[in-house]
Amino acid sequence: MNHFELQDGELYCEGVPLSRIAREVGTPVYVYSSATLERHFTVMRDALRGAGLSSEKWGEPLIAFAVKANSNVAVLKTLARLGAGADVVSEGEIRRALAAGVPPERIVFSGVGKTAGEIAFALETGVAELNVESEPELKLIDEVAQRLGKRAKIAIRINPDVEAGGHAKISTGKAENKFGVSFAEAERLYANASNAVGLSPVGVACHIGSQITDLAPMEAAFTKMRGMVERLRGQGLHVERLDLGGGLGVPYFNQPDPPGPADYAAMIGRVMAGLDIQFAFEPGRVIAANAGVLVAAVQHVNARPEGRRFLVLDAAMNDLLRPAMYDAYHDIRPVRPRDGAEVVYDVVGPVCETGDTFTRDRALAPMAAGDLLAFMSAGAYGAAMSSEYNSRLLVPEVLVRGDQYAVVRPRETYQDMLARERPAPWL
Ligand SMILES: *Cc1c(COP(=O)(O)O)cnc(C)c1O
């Protein structure tokens, strides 16, 4: 469920008409619903609570929101106030999480290519754990920690070698992907890390992909992860945290509904029954995707003599990259649907790339120049992936709560854009 509904013939975000935001802030613009973000977080939290994954000893599962899905500080703050942690993949994301008030002990640092500088920053910050993706990285973390006179809490990220389905570009849990190490390697690294001066291994982690709509591969991976915890403990090694990553899919309207947080949590409860450990999760999309839309205006309708009708928008692939990058499907809803028979459109942006096509052959209510439409499910991997390609201004972001809204990232100006560059001295 989300809070984007038609009221009196026009699309609202909670109590605010999207047309009002478009008028006052301009288009394109991302609009997020606080109530939806909060609801998605609490549904996930309550599902995990209900599945017996909390204990007196370890407390509640850590739900570290994957900051890369939506890194806006106001969004992070909305979630942090409910107790969310942060799964981060760069120093920039650590800084965003801290700015949003996420306590360091709820920050998990993932990513395959952490630099020495980033590792040092994470250790100074005191993050909960660094998820280690390879042996060279383990060595680097040990060195940096020793140099700083610290012991780095680390978890070994395991690549469970399962096929999670979904798009090849967002599959991460096959042996051929760049993420994590094999179970055999993890066992060796964990034991080595236990003897390293700069390292304190606290757990194991996995994350097998994104937009996963079938629990079976997750169950297979998680069963293997449990086995791993038990094997390590059998060798007398200390393991206190099991991080099961993110990846749960969301309904994108053209697909059957994926399993929800309740099914996901129940499956984990079953697989992990009796395991005495602190659980951590890194959900991104399932929290944020359906909590945001991208609102765009129609520039014109280009009806070609050969029959195609192009709906040319003021939003482009630089604002919402998913269709171009992953062939992603976004439901498109007119903000004020007109009466009349549906018309089939190719929906495109103004960028000089054929890939700047949001969708082809989409039947929509009839549209005209100046009409507004909303790309649904754009709250995750939307603004976070936006760029200035074609020297288009970075798209602004708005957060709605009830009948009020705030511009939480203003549209940049052309002055800002140009001020970031410097002429070379010889020019
Ligand atoms: C991207 C990512 C996530 C979040 O994935 P979602 O599909 O958005 O839930 C979690 N953990 C890691 C390590 C990631 O890279």
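Side chains included, hydrogens not; waters and symmetry mates left out as well; all remaining heavy atoms used. In listed order, ligands and their atoms are each counted from 1.
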Query - Shortest reach to atom 4 (C) of ligand 1 by a heavy atom, considering only Ala66, Ala64, Ser210 - result: Ala66
Report summary line: Any heavy atom of His207 under 4.0 Å from ligand 1? The part involved is side chain
Query raised in the report: With a distance cut-off below 6.0 Å to the six-membered ring centre and an angular limit of 45° from the axis, does Arg270 pair with Phe222 as a cation-pi contact?
Result: no
Report task. Begin from the C-alpha positions of Asn390 and Asn318 and carry the test side-chain hydrogen bond (donor to acceptor under 3.5 Å, both in side chains) through to its verdict. Result -> CA-CA 8 Å; Asn390 273 221; Asn318 68 297; over 6 Å; no
**Report entry** Cation-pi check, Arg81 onto Phe41 ring (under 6.0 Å, within 45° of axis)
**Finding:** no
Report task. Kindly confirm or rule out an N or O of Ser110 lying under 3.5 angstrom from an N or O of ligand 1. Result -> no
Query raised in the report: Do any heavy atoms of Val286 fall under 4.0 Å from ligand 1?
Result: no
Query - Pair Ser110-Arg157, side-chain hydrogen bond (donor to acceptor under 3.5 Å, both in side chains): steps then yes or no - result: CA-CA 9 Å; Ser110 307; Arg157 175 159 173 190; 5.5 Å; no
Query raised in the report: Any nitrogen or oxygen of Val89, main chain or side chain, under 3.5 Å from a nitrogen or oxygen of ligand 1?
Result: no
Report task. Determine, considering heavy atoms only, which of Glu133, Gln211, Lys68 sits nearest to atom 15 (O) of ligand 1. Result -> Lys68
Query raised in the report: Counting from 1, what ligand 1 atoms have a heavy atom of Arg285 closer than 4.0 Å?
Result: 6 (P), 8 (O), 9 (O)
Report task. Report the relative orientation of the aromatic rings in Phe281 and Tyr264; use parallel for angles under 30°, tilted for 30 to 60°, perpendicular for over 60°. Result -> perpendicular
Report summary line: Counting from 1 in the order shown, the ligand 1 atoms closer than 4.0 Å to a non-hydrogen atom of Gly246 are 9 (O), 10 (C)
Report task. From the options Val75, Asp87, Leu76, select the one residue that forms a side chain to side chain contact (heavy atoms under 4.5 Å, CB included) with Val67. Result -> Leu76
Requested in this report: Establish, for the pair Lys224 and Phe183, whether the NZ or CZ atom is under 6.0 angstrom from the six-membered ring centre and no further than 45 degrees off its axis.
Outcome: no
Query raised in the report: Counting only heavy atoms not in Arg362, do more than 12 sit closer than 6.0 Å to its CZ atom?
Result: yes
Query raised in the report: If we only count N/O pairs under 3.5 Å, is Gly247 in contact with ligand 1?
Result: yes
Requested in this report: Provide the number and element of each atom of ligand 1 under 4.0 Å from a heavy atom of Tyr381.
Outcome: 1 (C), 4 (C), 5 (O), 6 (P), 8 (O)
Report summary line: Within 4.0 Å of some non-hydrogen atom of Arg157, the atoms of ligand 1 are 13 (C)
